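Note sheet for the following structure.
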Number of protein chains: 2
Amino acid sequence: MSENEKKVPTVVVKRLPRYYRYLGELLKQDIKRISSNALSVKMNVTASQIRQDFNYFGGFGQQGYGYNVEHLYNEIGDILGLNDGDTTVIVGAGNLGRALASHDTFEKRGFKLVGIFDNDINIIGTKINGIEVMSIDKLEEFLNSHRVDIGILTVPKAAVMETAEKLVNCGVKGLMNFSYTELKFDKDVAVENVHLSDPLMTLSYKIKQNQN
Amino acid sequence: MSENEKKVPTVVVKRLPRYYRYLGELLKQDIKRISSNALSVKMNVTASQIRQDFNYFGGFGQQGYGYNVEHLYNEIGDILGLNDGDTTVIVGAGNLGRALASHDTFEKRGFKLVGIFDNDINIIGTKINGIEVMSIDKLEEFLNSHRVDIGILTVPKAAVMETAEKLVNCGVKGLMNFSYTELKFDKDVAVENVHLSDPLMTLSYKIKQNQN
DNA sequence: TAGATTGTTAATCGATTAACAATC
DNA sequence: TAGATTGTTAATCGATTAACAATC
């Protein structure tokens, strides 16, 4: 990052996927352009925030016109690295692993699933979404012979640390962890810990509030 | 909410599940008490933030001692409404619905799954995690004869709005939506929209940053 | 009591919103 | 050109951190 580029706040980065989704919808509806104001109404945020957010990455709009939907969509995709052809492996072919392997949004977003691994002899060899489940014993061999950018971890908690280290040691650059732990590596390894019950708990809180 | 209670910022509420998880771990390790400072090191946040956060709900600690782990854990559980015995139904028994039905953390957090619904004749009647999948045609009948607090939506996007409205009309107070839309109701219906590919995109962004 | 650590106020920092000149 | 809407600076708001008196 060069001297004069200001670091983009995490809070802004976290909003990018949402912009991307909304713009994708507009694109589908064949809407060619949109103003920050019109978008703000749809997304329920302020127009000011939208313009500020986009300006972290340079202006994508045009005065008096607004934003070209397709252009903006592609730019945000680029910023998010969705056009980098990132490859993924899923480790852990249990219920959640299988669900994610079949989750076609990942593919739509430009991520290519190249391998699924498990240690259950009854699962190894079966196919999920056209991809054969391989033995976890073959993981390192596979990683050494294929470029894998992202590891999606759906293994039990007890196995997650060991698995994560294997992945990282073999050059995987990012981990999406669904196990019940919080992984953390040096800053050169990107990690996203996903806890599916967190939003459920937040929901429970909100329900309780509404009752009063 | 009474006059003099200040509204808890969303950002604080969103942190509660994480505190809850960490305290649960401490509890398992038989750690009886912890100071905000020790917890801050573990959780990689500031001790100041921890004390501020807890103080929105009244003080749970004791000067010179710190916090009693079990007590704090239970208090946060109460605040989150985990002891309210909230019941859930899952609508959509595809891969993700099945994975969530088998996801035992939901149950550990005090949520009771009471029904699973689908429209696929091949799935109806099968059992997931001991619960029989019912026809979606029976949804309203079921909701009218059972108290259901939370609806977990794993139906295709095209069906989500209609399903959500059915649930809400039958008294469901909160929705956890995994479909590719953003649901929004009046503020008396709590909604959490979960987009599994969002963290994957954020991860992709981080990887791209690390490359530079 | 002395030491530790909270609860809470005050200071700082960062993010959001408002405003408007620039310009398409 | 006149109107619309951005890009961007300035003002405001809110969240985080620092500091410390209260107190266990």
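Chain letters run A, B, ... following the sequence lines, proteins first, then strands; residues in each count from 1. What you see is a predicted model; the values in this text were computed from it and never measured.
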* Asked: Between A:Val45 and A:Gly64, which is nearer to the 5' end of DNA chain C once each is assigned its nearest nucleotide?
  -> A:Val45
* **Under-4.0 Å side-chain N/O to phosphate OP1/OP2 contact, B:Arg51 with C:dG7** => no
* Which one, D:dA18, C:dT17, D:dG7, comes nearest to the side chain of B:Ser48? -> D:dA18
* Structure fact -> Closest heavy-atom pair, B:Ile76 versus B:Leu16, reported as atoms and distance to 0.1 Å, is CG2-O, 3.9 Å
* Using a cut-off of less than 4.0 Å, is there contact between a side-chain N or O of A:Thr46 and OP1 or OP2 of C:dT17? -> yes
* Find the distance B:Asn44:CG to D:dT16:C1' and express it as a whole number of Å. => 15 Å
* Quick one: B:Asn55 CG to D:dA22 C1', roughly how many Å, whole number? -> 13 Å
* Please state whether the rings of B:His103 and B:Phe106 are parallel, tilted or perpendicular, taking 30° and 60° as the class boundaries. => perpendicular
* Below 6.0 angstrom between ring centroids: does that apply to A:Tyr19 and A:Tyr73? -> no
* Asked: For D:dT23, which nucleotide in any strand shown is its Watson-Crick or wobble partner with both distances under 3.5 Å?
  -> C:dA4
* To do: Establish, with yes or no, whether the OP1 or OP2 oxygen of C:dT6 is under 4.0 angstrom from a side-chain nitrogen or oxygen of B:Ser36.
  => yes
* To do: Check the distance between D:dA4's P and A:Arg33's CZ and give it to me in whole angstrom.
  => 11 Å
* Asked: What's the CG-C1' distance between B:Asp53 and D:dT16, to the nearest Å?
  -> 10 Å
* To do: Scan B:Ser35 against the nucleic acid and name what it touches under 4.0 Å (heavy atoms): base, sugar-phosphate only, or nothing.
  => sugar-phosphate
* Write down the distance between CD (B:Gln62) and P (D:dT23), rounded to a whole number of angstrom. => 13 Å
* Asked: Is there a donor and acceptor pair closer than 3.5 Å between the side chain of A:Gln52 and the base of D:dT8?
  -> no
* Side chain of A:Gln63 only, please: which of D:dT23, D:dG7, D:dA15 is the nearest? => D:dG7
* Structure fact -> B:Ile50 CD1 to D:dT17 C1', in whole Å, measures 13 Å
* Contact class for A:Tyr67 vs. all strands (heavy atom < 4.0 Å): base, sugar-phosphate, or nothing? -> sugar-phosphate
* To do: Could you check B:Tyr22, B:Phe60, B:Phe54 and say which one makes a ring-ring contact (aromatic ring centres under 6.0 Å, His included) with B:Tyr67?
  => B:Phe54
* To do: Taking only Lys NZ, Arg NE, NH1 and NH2, and the carboxylate oxygens of Asp or Glu, determine whether A:Asp53 and A:Arg15 approach each other closer than 4.0 Å.
  => yes
* Mind calculating the distance between OH (A:Tyr65) and P (D:dA2) to the nearest angstrom? => 24 Å
* Structure fact -> Ranking D:dA18, D:dT16, C:dA19 by distance to the side chain of B:Gln49, first place goes to D:dT16
* To do: Can you tell me the pairing partner of D:dT12 across any strand shown, Watson-Crick or G-U wobble, with both distances under 3.5 angstrom?
  => C:dA15
* **Spacing between A:Ile34 atom CD1 and D:dT6 atom P, to the nearest angstrom** => 10 Å
